[in-house]
Amino acid sequence: RGTCFLVYDALELLGARNEVVKGAVAGGVEAVVVTPLQVVKVRMQSKAFLTKYQNPYQCTMLTLKEEGPRAFASGLQATILRNCVWTAGYFSLMAQLTFLPISVSGFVAGAASAALNAPFDVIKSVQQEAVHKQSVFKTAAAILAHGGPLGLYKGVLPKILRMGVGGSVSITMLKYA
């Protein structure tokens, strides 16, 4: 989240005032930075690659050798959508929840934003795990065909809790550090 907060603050210094715009831009920049790391993480956790990689370094080197550098942009569009939705929602809600203690508003904003961006997170993970790459829309259609609308919310409860806690801790540490 460091990149996100850094870009958000820079936009504010440049005079941007709209929370949704600042959040979305910050999320888009963050997505470009984290997508290669997300590709490695998803592959290391994937059943499809479970026996192929022993560690992140090997995963990175084999992916680069076998698929080339473009493989590390796998799921970039979905990651941009996911991050833009989360950060736009998070910062917009934080601006509205000023009547709550900062740690509570951070939790609420993080959890609510995670619920909003969950479909894009599922799409991103499916794209990064897939051998045959598809567009965001084709991936979403495949998920819907296989799991229905709830397929786009697979694993949403742990994600909501994790992002709620993360949103709370991040903003609290930023404010009091």
Side-chain angles (χ1 to χ4, degrees), residues 1-42 44-46 72-129 136-137 139-140 143-144 147-177:
R1 293 267 157 245
T3 303
C4 178
F5 283 102
L6 183 67
V7 172
Y8 181 87
D9 288 345
L11 290 169
E12 188 143 306
L13 287 173
L14 293 172
R17 296 287 171 241
N18 186 298
E19 301 299 326
V20 173
V21 172
K22 289 187 293 189
V25 170
V29 171
E30 180 187 38
V32 172
V33 172
V34 301
T35 294
L37 303 171
Q38 287 282 325
V39 169
V40 172
K41 180 192 88 161
V42 167
M44 293 292 299
Q45 295 173 340
S46 169
F72 295 101
S74 178
L76 178 60
Q77 291 173 328
T79 305
I80 289 171
L81 291 169
R82 176 194 76 167
N83 287 22
C84 287
V85 168
W86 192 89
T87 54
Y90 180 80
F91 287 115
S92 296
L93 284 169
M94 288 300 296
Q96 300 302 313
L97 298 173
T98 56
F99 60 93
L100 294 172
I102 192 83
S103 58
V104 174
S105 59
F107 182 88
V108 170
S113 297
L116 289 174
N117 84 343
F120 299 114
D121 196 31
V122 171
I123 293 166
K124 174 211 61 93
S125 294
V126 169
Q127 285 184 323
Q128 290 176 340
E129 189 177 325
V136 170
F137 297 109
T139 303
I143 293 168
L144 287 168
L150 291 179
L152 290 170
Y153 289 89
K154 190 172 184 180
V156 72
L157 184 57
K159 175 190 166 65
I160 286 172
L161 294 173
R162 180 176 55 86
M163 297 305 288
V165 170
S168 176
V169 170
S170 296
I171 199 70
T172 303
M173 293 303 294
L174 189 65
K175 180 172 180 163
Y176 296 110

J.: Treating Ser92 as the side-chain partner and Ala88 as the backbone partner, does any N or O pair qualify as donor plus acceptor under 3.5 Å?
T.: yes

J.: What heavy-atom pair brings Ala118 and Tyr153 nearest, and what distance separates the two atoms?
T.: CB-CD2, 3.7 Å

J.: Can you name the nearest heavy-atom pair linking Asn117 to Ala114, along with the distance?
T.: OD1-O, 3.0 Å

J.: Kindly give the heavy-atom pair with the smallest separation between Leu76 and Val32, and that separation in Å.
T.: CD1-CA, 4.1 Å

J.: Using modelled atom types and a 3.5 Å cut-off, is there a donor and acceptor pairing between side-chain atoms of Ser168 and backbone atoms of Gly164?
T.: no

J.: Can you say whether the rings of Phe5 and Tyr90 are parallel (under 30°), tilted (30 to 60°) or perpendicular (over 60°)?
T.: perpendicular

J.: Quick one: does Trp86's side chain have a donor or acceptor within less than 3.5 Å of a partner on Leu116's backbone?
T.: no

J.: Ignoring hydrogens, what is the shortest heavy-atom contact between Ser113 and Gly89? Give both atom names and the distance.
T.: OG-C, 3.1 Å

J.: Taking all atoms of both residues into account, what is the closest heavy-atom pair of Ala78 and Ile123, and its distance?
T.: CB-CG2, 3.8 Å

J.: If you take all heavy atoms of Val136 and Gln77, which pair is closest and at what distance?
T.: CG2-CB, 3.7 Å

J.: Is it true that the side chains of Gln128 and Lys124 contain a donor and an acceptor less than 3.5 Å apart?
T.: yes

J.: Whether the side chain of Ser74 engages the backbone of Gln127 through a donor-acceptor N/O pair (distance < 3.5 Å, no angle test) should be reported.
T.: yes

J.: Does atom CD of Gln38 have more than 12 heavy-atom neighbours, drawn from other residues, nucleotides or ligands, at distances under 6.0 Å?
T.: yes

J.: Would you say CZ of Phe137 has more than 12 non-hydrogen atoms from neighbouring residues, nucleotides or ligands within 6.0 angstrom?
T.: no

J.: Is the number of heavy atoms from other residues, nucleotides or ligands under 6.0 Å of Lys154 NZ greater than 12?
T.: no

